[in-house]
Amino acid sequence: MTGWLALLAAGLMEIVWALGLKHSDGFTKFWPALGTLVAIAASFGLMSIALKSLPFGTAYAVWTGIGAAGSIVVGMGLYGEPANALRVLCLSMIVAGMIGLKLSTPA
């Protein structure tokens with residue numbers, strides 16, 4: 001598995017655990033809480049694989065960016081959170097930053 005693929009998967013697990021955290025009701029619901037913990041472990045494990053070949057700062061920024069941007073999109077899609085022009089612009093800037101980091105990283 002390449003570092004970038006591991007990083008993408010780790011970022012997607014960030015979205016999964018954030019979603020699970022919402023559904024766990026403060027870790028009072030067993031299955032959502034368990035799913036959250038599994039997703040956290042998977043995210044950290046995949047991130048550790050990515051860090052073997054990617055620069056730390058780039059990997060961390062992209063990892064959190066995937067989680068943040070993905071959580072915004074999930075919030076808009078599943079929970080009807082606002083998708084106004086300013087929020088979409090800010091989301092676009094997060095994505096543009098991650099693309100810029102990817103393009104400027106030699107690994």
Side-chain angles (χ1 to χ4, degrees):
M1 176 178 289
T2 70
W4 287 107
L5 186 58
L7 185 59
L8 174 62
L12 294 174
M13 286 294 104
E14 287 284 294
I15 300 165
V16 171
W17 77 250
L19 186 59
L21 197 59
K22 177 164 180 62
H23 289 277
S24 74
D25 274 340
F27 283 98
T28 60
K29 294 182 178 176
F30 178 77
W31 292 111
L34 180 62
T36 300
L37 294 174
V38 169
I40 289 170
S43 183
F44 274 67
L46 289 160
M47 178 62 162
S48 71
I49 292 168
L51 286 171
K52 289 180 181 180
S53 61
L54 299 176
F56 168 73
T58 299
Y60 185 75
V62 172
W63 181 49
T64 58
I66 292 169
S71 295
I72 293 167
V73 170
V74 168
M76 290 175 178
L78 291 181
Y79 303 111
E81 294 176 5
N84 60 47
L86 182 57
R87 285 176 55 94
V88 172
L89 174 64
C90 292
L91 172 62
S92 300
M93 289 190 296
I94 293 170
V95 173
M98 290 187 298
I99 292 169
L101 287 169
K102 164 64 171 111
L103 294 176
S104 66
T105 302

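Sparse packing is recorded around CZ of Phe56, with 12 or fewer heavy atoms of other residues, nucleotides or ligands lying under 6.0 Å away. Atom CZ of Phe27 has more than 12 neighbouring heavy atoms from other residues, nucleotides or ligands inside a 6.0 Å radius.
Counting only distance, with no hydrogens or angles, the side chain of Thr36 and the backbone of Gly20 share a donor-acceptor pair below 3.5 Å. Judged purely by atom type and a 3.5 angstrom limit, Ser43 has no side-chain atom pairing as donor or acceptor with the backbone of Ile40.
Residues Tyr60 and Ile99 fall within the same hydrophobic cluster, defined by Ile, Leu, Val, Met, Phe, Trp and Tyr side chains chained together at heavy-atom separations under 4.5 Å. Both Tyr79 and Trp17 are assigned to one and the same hydrophobic cluster, defined by single-linkage of ILVMFWY side chains at heavy-atom distances under 4.5 Å. Phe44 and Leu12 fall within a single hydrophobic cluster, where Ile, Leu, Val, Met, Phe, Trp and Tyr side chains are chained together by heavy-atom contacts under 4.5 Å. A single hydrophobic cluster is not seen to contain both Met93 and Leu103; linkage of ILVMFWY side chains at heavy-atom distances under 4.5 Å, directly or through other members, places them apart.
Scanning both residues, Ile49 and Ala6, for their nearest heavy atoms gives CG2-CB, 3.8 Å. Residues Leu54 and Ala59 share a closest heavy-atom pair of CB-CB, 4.2 Å. Across every non-hydrogen atom of Leu7 and Met47, the tightest pair is CD1-SD, 3.7 Å. Listed here is the closest heavy atom pair of Ala18 and Ser71: CB-OG, 3.8 Å. Taking every heavy atom of both residues into account, Val16 and Ala39 meet most closely at CG1-CB, 3.7 Å. The two residues Val88 and Ala83 have their closest heavy-atom pair at CG2-O, 3.7 Å.
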- Message: As a quick check of understanding, evaluate side chain to side chain contact (heavy atoms under 4.5 Å, CB included) for Val62 and Lys102, giving each step before the final call.
- Response: CA-CA 8 Å; Val62 172; Lys102 164 64 171 111; 5.7 Å; no

- Task: Under the side chain to side chain contact (heavy atoms under 4.5 Å, CB included) rule, what do Ile72 and Met76 come out as? Steps first, then yes or no, please.
- Result: CA-CA 6 Å; Ile72 293 167; Met76 290 175 178; 3.6 Å; yes

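Between the CD1 atom of Ile94 and the CD1 atom of Ile66 there is a distance of 12.0 Å, given to the nearest 0.5 Å. Leu8 contributes atom CG, which lies 10.0 Å from atom CE of Met13 (distance to the nearest 0.5 angstrom). Of the inter-residue distances, the one linking His23 atom NE2 with Leu78 atom CG reads 7.0 Å to the nearest 0.5 angstrom. Remark: Leu51 CG to Thr58 OG1 distance equals 10.5 Å, nearest 0.5 Å.
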